[in-house]
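Some notes on the structure that comes next.
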Protein chains: 2
Amino acid sequence: MAANANESSVRMAAETWESLFRAQVAVMRKLQAAPAFRTVPVNEYDVLFTLSRCPSGWLRLNELNDHVLLSQSSLSRLVERLEKRGLVVRMPAPDDRRGVLLKLTEEGAAVQKEIGRAHVRDISSLVGPALTAAEQKELQRLTDKLRNSVGARPGK
Amino acid sequence: MAANANESSVRMAAETWESLFRAQVAVMRKLQAAPAFRTVPVNEYDVLFTLSRCPSGWLRLNELNDHVLLSQSSLSRLVERLEKRGLVVRMPAPDDRRGVLLKLTEEGAAVQKEIGRAHVRDISSLVGPALTAAEQKELQRLTDKLRNSVGARPGK
DNA sequence: CAGATTTCCATGCGTTTGCATGTATCGCCG
DNA sequence: CGGCGATACATGCAAACGCATGGAAATCTG
């Protein structure tokens, strides 16, 4: 049996994940504290951002939920708040009447752009000095690969 | 001016961060849902884990706060809950009477080990199939480098 | 060394979150 | 077609969170 080899590969995976997780915490901590997020919390901005990247402009609530680390009910209320503030609009899905489609309003798009500009600069000032261009490219490749593998997996 | 070069390096940093962030969300989502965290939430386990890795056994509350993505007040109450459950003990710091030292109880250490075992297996089953050993090693190197650079920065 | 400033942790308070559940719709299978 | 489990979103409620603040101790300053 390759018990030792398994042990060590298990440990390596755990250490890899811890490094990734701690790096995310360290960066996120700085980003959250930045003035860009004084008016809109990070979670809410993330929704605006995802909507802004959506080609059709409309996105289903359940698809949105896959991108965000939030429960379904929390996302439901988060979107409710965004709608009250006039940043997004809801609409019943035409093909599935249980579903809800979301779209940015003009103001929502403007707010996203405004915050996004500052946010991107903040990111750059954190990541840029830390890693070379080649390292960033490689990090992106590895994290993309990880996310695709994890996301594609049969949940249960 | 190298405006174009700056533009593209800014964009690359943003894309790198987004990949890292989404990968973290995807993995964390699976890990949170695992049965290992039915009794103790991830945030609380993270505190137990950090304490278990502490050489002296004792750790200051403010140092702990650097590792976790939580406000100071939330961490204060989180620790309060852990103490009520008998998993940690508090003690005034001897050299700085404002400070509070934390240590795992025997039960806390046992709980951490128990959950930790399952958690490490969950991580391995997610990360192992996704990345080769060499890729994991490289990912760890890059995220360590990123975290060190970000953490070492003058906070404000 | 007195007074002002900063650091560390705790706490009041309003907001946000997750779990459990409710309601409506969809899709499947007999 | 009719009944039944699965899916999508909303909502009641208790728990957890962040912000602002308080009090105590350390540190800085003149």
Side-chain angles (χ1 to χ4, degrees), chain A residues 25 28-48 51 58-85 87-103 154-156, chain B residues 25 28-35 37-48 58-85 87-103 154-156:
Chain A
V25 167
M28 184 57 91
R29 194 171 260 292
K30 298 276 184 179
L31 291 176
Q32 272 183 334
F37 294 108
R38 254 202 285 241
T39 59
V40 177
V42 181
N43 278 341
E44 298 185 8
Y45 169 75
D46 197 15
V47 167
L48 299 182
L51 285 174
W58 294 94
L59 194 63
R60 279 288 291 268
L61 220 49
N62 58 354
E63 301 178 90
L64 195 56
N65 209 118
D66 294 335
H67 277 65
V68 179
L69 195 55
L70 268 181
S71 69
Q72 179 268 320
S73 60
S74 295
L75 179 61
S76 178
R77 283 191 241 255
L78 189 156
V79 167
E80 188 180 38
R81 279 181 311 239
L82 290 179
E83 190 179 34
K84 271 178 189 163
R85 287 181 60 177
L87 303 180
V88 304
V89 283
R90 293 163 123 133
M91 164 188 168
D95 57 323
D96 182 344
R97 275 183 298 179
R98 298 168 300 177
V100 170
L101 289 176
L102 269 187
K103 189 173 78 98
K156 177 204 263 207
Chain B
V25 167
M28 184 58 89
R29 196 171 258 293
K30 299 275 184 180
L31 291 176
Q32 271 183 335
F37 294 109
R38 254 201 287 238
T39 59
V40 178
V42 182
N43 278 342
E44 298 185 8
Y45 169 75
D46 197 15
V47 167
L48 298 183
W58 295 95
L59 195 61
R60 278 288 292 269
L61 220 48
N62 57 354
E63 300 178 271
L64 195 56
N65 210 139
D66 295 334
H67 277 65
V68 180
L69 195 55
L70 269 181
S71 69
Q72 179 268 322
S73 60
S74 295
L75 179 61
S76 177
R77 281 190 246 256
L78 190 156
V79 166
E80 188 179 38
R81 269 170 303 185
L82 291 178
E83 190 179 34
K84 271 178 188 160
R85 286 180 60 175
L87 302 180
V88 304
V89 283
R90 293 177 198 233
M91 163 187 169
D95 57 323
D96 182 343
R97 276 184 295 181
R98 297 168 302 177
V100 171
L101 290 176
L102 269 187
K103 189 174 78 96
K156 177 208 283 205

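Keep in mind that the numbers below use all heavy atoms, side chains included, and drop hydrogens, waters and symmetry copies. Order of the sequence lines sets the chain letters (A, B, ...), proteins ahead of strands, with each chain counted from 1.
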Spacing of B:Asn43 atom CG relative to C:dG18 atom P, expressed in whole Å = 11 Å
task = Grab the CD-P distance between B:Glu63 and C:dT7 for me, whole Å please.
result = 16 Å
request  = Only one of A:Leu102, A:Asp96, A:Val100 passes side-chain contact (heavy atoms from CB on, under 4.5 Å) with A:Arg60; say which it is.
outcome  = A:Asp96
query = Touch check for A:Leu75, heavy atoms < 4.0 angstrom, all strands: base, sugar-phosphate only, or nothing?
reply = nothing
Value in whole Å for how far the P atom of D:dA16 lies from CG of B:Leu82 = 10 Å
ask   = Between B:Leu48 and B:Leu82, which heavy-atom pair has the shortest distance, and what is it?
value = CD2-CD1, 4.1 Å
5′-ward residue of the pair A:Ser71/A:Pro94 relative to DNA chain C = A:Ser71
query = Which nucleotide sits closest to the side chain of B:Arg97: D:dC9, D:dG18, D:dA25?
reply = D:dA25
note = Regarding the side chain of A:Arg98, the nearest nucleotide among D:dG18, D:dA25, C:dT25 is C:dT25
query = Are A:Asn65 and D:dC9 close enough that a side-chain N or O sits under 4.0 Å from OP1 or OP2?
reply = no
task = Measure from the side-chain heavy atoms of A:Asp96 and tell me the nearest of C:dC9, C:dT25, D:dC9.
result = C:dT25
Donor-acceptor pair under 3.5 Å, B:Ser73 side chain vs D:dC17 base = no
key: Exercise: identify the closest heavy-atom pair between B:Gln32 and B:Phe37   = O-CB, 4.0 Å
ask   = In whole angstrom, what separates B:Leu64's CG from C:dC9's C1'?
value = 13 Å
ask   = Quick one: does A:Leu78's side chain get under 4.5 Å of A:Glu44's, heavy atoms only?
value = yes
remark   = Per atom distances to the A:Ser76 side chain, the nearest of D:dA8, D:dT11, C:dT11 is D:dT11
inquiry  = Looking at A:Arg90, I'd like to know whether one of its side-chain N or O atoms comes within less than 4.0 Å of OP1 or OP2 on D:dA10.
reply    = yes
key: Candidates C:dA10, D:dG18, D:dC9 - which lies nearest the side chain of B:Val100   = C:dA10
request  = Could you work out which one of D:dA10, D:dC17, C:dC9 sits closest to the side chain of A:Gln72?
outcome  = D:dA10
task = Write down the distance between CD (A:Gln32) and C1' (C:dT16), rounded to a whole number of angstrom.
result = 14 Å
ask   = What closest approach, in Å, do B:Arg85 and B:Val40 show between heavy atoms, and which atom pair accounts for it?
value = NH2-CG2, 3.8 Å
query = Looking at CG of B:Leu75 and CG of B:Asn43, how far apart are the two atoms once the value is rounded to the nearest 0.5 Å?
reply = 9.5 Å
message = Which nucleotide wins on minimum distance to the side chain of B:Glu80, given the candidates C:dC8, D:dA10, C:dT11?
response = C:dT11
note = B:Arg60 CZ to C:dA10 P, in whole Å, measures 11 Å
message = Check this for me: does the side-chain of B:Arg77 come within 3.5 Å of the base of C:dG12 through a donor and an acceptor?
response = yes
task = Calculate the interatomic distance between B:Leu78 atom CG and C:dT11 atom P; express it in whole Å.
result = 15 Å
query = What's the CG-P distance between A:Leu70 and D:dC9, to the nearest Å?
reply = 15 Å
